[in-house]
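The next block holds one structure in the form of structure tokens; read it before the comments.
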Amino acid sequence: MAYSEKVMDHFANPRNVGEIPDASGVGEVGNSKCGDIMRMYIKVEGNVITDCKFKTFGCGAAIATSSMATELIKGKTIDEALKLTNKAVMEALDGLPAVKVHCSVLAEQAIKAALSDYYTRQGIDPTPIVGVIKECDHDHGCGCEL
Amino acid sequence: MHIYADNAATTALSPDVLKAMTPYLTEIYGNPSSLYRTGAVAKDAVEAARENIAKLIGAKSPAEVYFTSGGSESDNWAIKGVCKVLKAQGKNHIITSKFEHHAVLHVCESLAKEGFEVTYLDVYSDGLVRPEDVKAAIRPETALVTIMYANNEIGTIQPIAEIGKICREAGVLFHTDAVQAMGNVPVNVTDDSVDLLSLTAHKFHGPKGCGALYIRRGVRIANLIDGGAQERSRRAGTENVAGIVGLSKALEIAIDTMEERREKLTKMRDRLIDGLLRIERSRLNGSRECRLPGNVNMCFEGIEGESLLLKLDLAGVCASSGSACTSGSLDPSHVLLSLGLPHEIAHGSLRLSFSDSNTEEDIDYLLKVVPEIVDYLRSFSPLWDKIKSEN
Ligand SMILES: Cc1ncc(COP(=O)(O)O)c(C=O)c1O
Ligand code: FES
Ligand SMILES: [Zn+2]
Ligand SMILES: [Zn+2]
């Protein structure tokens with residue numbers, strides 16, 4: 001299993017690490033048993049995501065996809081951010097090993113979770129706009145209770 | 001800085017071993033089964049290696065040593081070969097432990113599909129099988145007990161002589177995977193009452209792809225690899241002559257230097273463990289006392305093992321998190337889970353394993369970079385935030 005140079009760059013020098021104290025929305029997905037948790041902070045002004053930061057517990061790919069996802073939505077409109085797919089994150093990173101595809105799914109879901117929180121704070125039901133957030137989409141195959 | 005701290009995965013080939021092997025990779029290329037001179041010379045080298053290895057492991061006769069392609073083949077052959085014979089006698093039960101290497105566990109799983117019942121013994125939080133548990137698990141239909149000599153991830157050394165004695169008294173065959181122990185701790189098949197023992201050269205500075213299975217005289221075992229009449233018709237295939245010569249030389253050096261290495265590595269290991277335990281919410285996995293001299297395995301809460309390894313790699317350190325063949329899978333190692341560690345803690349493990357080439361300077365460097373990296377990864381870990389806020 002080898003990571004692309006882009007993945008290693010985003011892993012070694014992750015962009016937008018940290019918290020936004022006065023965030024407009026915060027979303028967290030994954031769970032510690034899985035070995036990945038991503039938390040995304042967004043700042044929304046008007047219709048635009050003016051800032052985005054992350055905190056991630058996870059593998060190299062989880063950190064790199066978090067970093068790339070923040071870069072891809074920063075400065076974008078909410079509508080554009082809602083259209084961000086895990087595929088786009090992977091492509092921007094020049095691909096991921098097959099076993100790490102779920103990390104990019106997690107990054108997509110983390111952004112959606114942050115947007116969901118943003119709508120909830122506005123008193124708007126997020127589900128029709130953002131959809132259902134999946135916590136964990138993979139099978140562990142190890143037979144462990146999860 | 002470049003530090004190789006993954007000697008439990010594999011070791012560097014020793015220059016002296018390479019020197020012993022070279023003639024058999026160059027001018028002495030004859031097939032040991034051939035009659036002409038160069039074949040006979042190769043044959044003599046194989047038989048000299050067999051004799052040497054038999055002596056080094058305490059076997060009664062060189063005829064009890066069979067060459068294989070390595071640890072995985074030896075484990076497969078020992079377990080499948082014995083079980084095939086004994087199944088015909090109505091024995092269909094295997095006793096093993098929860099934290100064996102996959103070369104044992106997956107064989108047991110495959111035999112379970114063929115009707116064998118497998119008892120997986122607990123290894124408790126210290127990573128040690130209890131001999132009394134082995135005794136209690138033995139039944140009239142038990143075909144084989146297979147317990148590893150030392151664990152590959154956490155380095156815990158099992159009470160093999162006690163388990164061997166129990167099996168011998170109960171009349172049950174006993175196999176041990178001594179791949180990690182061989183050359184690092186004293187192993188003697190006679191004193192330990194072992195019936196079958198697996199070893200592989202690349203864990204003690206020998207070549208990859210060459211190992212051996214000790215089969216005590218009188219143990220009935222089916223072939224795994226059928227074909228030509230090599231290895232007294234028990235393991236077909238033209239001998240890996242250079243590999244066998246290398247295996248013998250490497251084991252001889254490892255055992256000759258074992259005591260001084262044990263002293264040196266134990267000191268280095270304990271200094272590293274003590275230093276790393278100063279990291280908040282860290283723990284040593286497995287018993288400290290019954291442990292291979294070169295093994296350190298720790299968990300650091302709030303961080304994930306792969307990102308730790310990648311950061312270490314960027315800092316010039318080759319290490320591992322779980323066993324080499326497990327990396328690439330999503331789940332924490334079955335070894336750490338078998339100690340009763342929760343998933344979220346097992347994910348944050350680090351194995352550092354040392355050989356004679358490692359130095360005190362390596363330990364100094366690790367004591368500097370590991371805490372820095374753990375701190376850095378925790379600085380943006382939401383799990384670490386949670387752990388901190390719960391206190
Ligand atoms: C305990 C144990 N058993 C078996 C093996 C497999 O040995 P080999 O790589 O020679 O097949 C290894 C190492 O990979 C091991 O650590
Ligand atoms: S492990 Fe990646 S989402 Fe569950
Ligand atoms: Zn998982
Ligand atoms: Zn699991």
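Residue numbers begin at 1 in each chain, while the letters A, B, ... track the order of the sequences.
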Residues in residues 40-49 of chain A that sit under 4.5 Å from chain B, counting heavy atoms only: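 Result: none.
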Audit row: B/Asp385, A/Arg39, side chain to side chain contact (heavy atoms under 4.5 Å, CB included) steps and yes/no: CA-CA 11 Å; B/Asp385 289 349; A/Arg39 192 190 292 156; 3.3 Å; yes
Identify the two heavy atoms, one from [X] and one from [Y], that lie closest to each other, and give their separation to 0.1 Å.
X	Y	result
B/Leu310	A/Gly60	CD1-CA, 3.6 Å
B/Ser307	A/Gly58	OG-O, 3.0 Å
B/Pro382	A/Glu28	CB-OE1, 4.3 Å

Side chain proximity check, A/Asp36 to B/Glu304, heavy atoms < 4.5 angstrom: no
Which portion of B/Leu383 sits near chain A, non-hydrogen atoms under 4.5 angstrom: both
Proximal component of A/Ile63, with respect to chain B [non-hydrogen, under 4.5 Å]: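 Only the side chain of A/Ile63 comes within 4.5 Å of chain B.
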Chain B contact via A/Ala98 - side chain, backbone, both or neither, heavy atoms under 4.5 Å: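 No part of it gets close to chain B.
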Side chain to side chain contact (heavy atoms under 4.5 Å, CB included) between A/Met8 and B/Asp313, worked out: CA-CA 11 Å; A/Met8 281 312 291; B/Asp313 186 27; 5.8 Å; no
Residues of residues 104-112 of chain B contacting chain A, heavy-atom criterion under 4.5 Å, by residue number: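 No residue falls under the 4.5 Å cut-off.
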A/Phe57 six-ring face occupied by B/Lys386 cation (under 6.0 Å, within 45°):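 No cation-pi geometry.
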Worked verdict on B/Lys311 versus A/Phe11 for side chain to side chain contact (heavy atoms under 4.5 Å, CB included): CA-CA 9 Å; B/Lys311 284 304 267 188; A/Phe11 169 74; 3.6 Å; yes
B/Leu308 CG to A/Cys59 SG distance, which is reported to the nearest 0.5 Å: 13.0 Å
Gap between atom OG of A/Ser32 and atom CH2 of B/Trp384 - 0.5 Å precision: 14.0 Å
